[in-house]
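As structure tokens, the structure follows; a few thoughts come after it.
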Number of protein chains: 2
Amino acid sequence: MTSTKERILQTSLALFNKQGERNVTTNHIAEALGISPGNLYYHYRNKGMIVSALFEAYQADLLELLAAPQGPLTWTIKTYYFEGLLASMWQYRFFHRDLTHFLHADPDLAERYQRFVETVLQRGRVIYEELRSSGILSLDNEQLEGLMVNTWVLMSSWASLVQGLRPDALEDEQLDEALMRHGVYQIICLEEPFLQGEAREHLQEMKARYRSADSTPALLLGPVPGLARTGSE
Amino acid sequence: MTSTKERILQTSLALFNKQGERNVTTNHIAEALGISPGNLYYHYRNKGMIVSALFEAYQADLLELLAAPQGPLTWTIKTYYFEGLLASMWQYRFFHRDLTHFLHADPDLAERYQRFVETVLQRGRVIYEELRSSGILSLDNEQLEGLMVNTWVLMSSWASLVQGLRPDALEDEQLDEALMRHGVYQIICLEEPFLQGEAREHLQEMKARYRSADSTPALLLGPVPGLARTGSE
DNA sequence: TGATTTTTAGAGTAATTACTCTAGGAGTCA
DNA sequence: TGACTCCTAGAGTAATTACTCTAAAAATCA
């Protein structure tokens, strides 16, 4: 029996993800939970506090995943790793979707987010350095930094990008999964040129695993039901 | 003497970029222009129509830049090219910031945007192929596709990403410029591994040109005035 | 000039929405 | 049992905001 406070977070997260924070009112959240607005405001003094608490959970999730990896990193392990990261980010995708607004509206959150990104990049650096010393990646410091920033940009944008282009992904569990895998695929593309030795051998295998099943190169632009497509049929 | 209809677009764009479309009311736009709300609604029947018209302008801007390049492409030219693209996208940054919301709210816009992205990727493909046959890039089709998608993701996310992390960029013309250059730098990082011949020789020069002047690797995380930074001073 | 159309002002409204307030139920502890 | 704290309901409100409507000024044209 989870607490009301916790249930508010869960329901808010689900609604935010589905409809966008902007389109979800506090009354709407309360109604979805079957509680009164007053009750909701007893637990969170305003809507921003809910967002703030959700960010905290998101941050905790991600930083745990990014904790210093135990044991030597292999290329395969690292890819699963990214899969986990992307999954977490997908779970809280409402956040990156309206990120700018949140940061603008809540200076305290802005500060926390800034520190969060710093930490993420810091830990990313450690991981990439480990991959380098294991002989999996071959790059200099400058390239490492560039790769890391690009990876972060890609990961943090992927979910909202996908949601923009494929709004139907919300209802289709399978498509959802496929789009997520495509995200991992793009990350692999990012690193591919730097791969060495053992990793190179597994490359095609990994790419195949994450390439979209229907072999469409840009799954992003597959047919969208409900949108009239030129030249279809 | 520009028409009222045009001035509405200009003012809206400026306000949307600065404060986010969500925080800009139609009355606010009218007031900024010194016209009445009624007048504004005479020209655009609702707020969405303004967004829609701005998208049309954005699209025109970008597609013109992406028109088939005349003459053989050199690496240097292509980089300036990206600079132009990023500048255009920066000019309409409000759009990508709230993209998901716009597409969700206006199915017609969603359809147009979808076609727009298709066209962009199509033209990008042509350009990259040209770079390959000029011997500037060395990659197979699969790598080309991956690189192109990643470039698009990076470019279309860069502005809002930056605005989230550096809200102060709005007031500081110089910082603004520096962050834009950093975007080009990241794109260069994306392609660096595939460069060949002539391009390789210019690489360091180009990187230096776009690297942030203060040699901070991640300009994104420079000190933000007004935010207390740990360990500063 | 007069007729007609385009553009503008500005008061007003209906709907939404984040949030408040009071009062009472439910659990806990003496 | 009573006292006290925690939790909940739900009616209500103040503020915002996208948008309407009427009428008049300005431009255009015969």
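The sequence lines fix the lettering, A, B, ..., with proteins before strands; numbering per chain opens at 1.
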Strictly under 3.5 Å: I want the nitrogen or oxygen pairs between protein and nucleotides 7-9 of chain C, one per line.
residue	atom	partner	partner atom	Å
C/dT7	OP2	B/Tyr42	OH	2.7
C/dT8	OP1	B/Thr4	OG1	2.8
C/dT8	OP2	B/Thr4	OG1	3.2
C/dT8	OP2	B/Asn39	OD1	3.3
C/dT8	OP2	B/His43	NE2	2.7
C/dT8	O5'	B/Asn39	ND2	3.0
C/dA9	OP2	B/Ser36	N	2.8
C/dA9	OP2	B/Ser36	OG	3.2
C/dA9	OP2	B/Asn39	ND2	3.0
C/dA9	N7	B/Ser36	OG	3.1

What pairs of nitrogen or oxygen atoms, one from the protein and one from nucleotides 16-18 of chain D, lie under 3.5 Å apart?
residue	atom	partner	partner atom	Å
D/dA18	OP2	B/Thr26	N	2.9
D/dA18	OP2	B/Thr26	OG1	3.2

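- Remark: side-chain polar atoms of B/Trp158 are paired, donor with acceptor, to backbone N or O of B/Leu179 under 3.5 angstrom.
- More than 12 heavy atoms of other shown residues, nucleotides or ligands fall within 6.0 angstrom of atom CD in B/Gln10.
- Aromatic pair A/Tyr58/A/Phe116: ring centres closer than 6.0 Å.
- By the 6.0 Å contact criterion, CD on B/Glu129 is enclosed, its count of non-hydrogen atoms from other residues, nucleotides or ligands being greater than 12.
- Residue B/Leu40 contributes atom CG, which lies 17 Å from atom P of D/dC21 at whole-angstrom precision.
- Tested against A/Phe55 for a ring-ring contact (aromatic ring centres under 6.0 Å, His included), the candidates A/Phe16, A/Tyr92, A/Phe94, A/Phe95 yield a single pass: A/Phe95.
- In the model, B/Gln122 has a side-chain atom that pairs as donor or acceptor with a side-chain atom of B/Arg125 under 3.5 Å.
- Not counting sequence neighbours, B/Tyr128 has no partner by the ring pair (Phe, Tyr, Trp, His ring centres under 6.0 Å) test.
- A salt bridge between A/Glu21 and A/Arg97 is absent, with no side-chain N of the basic residue lying under 4.0 Å from a carboxylate O of the acidic one.
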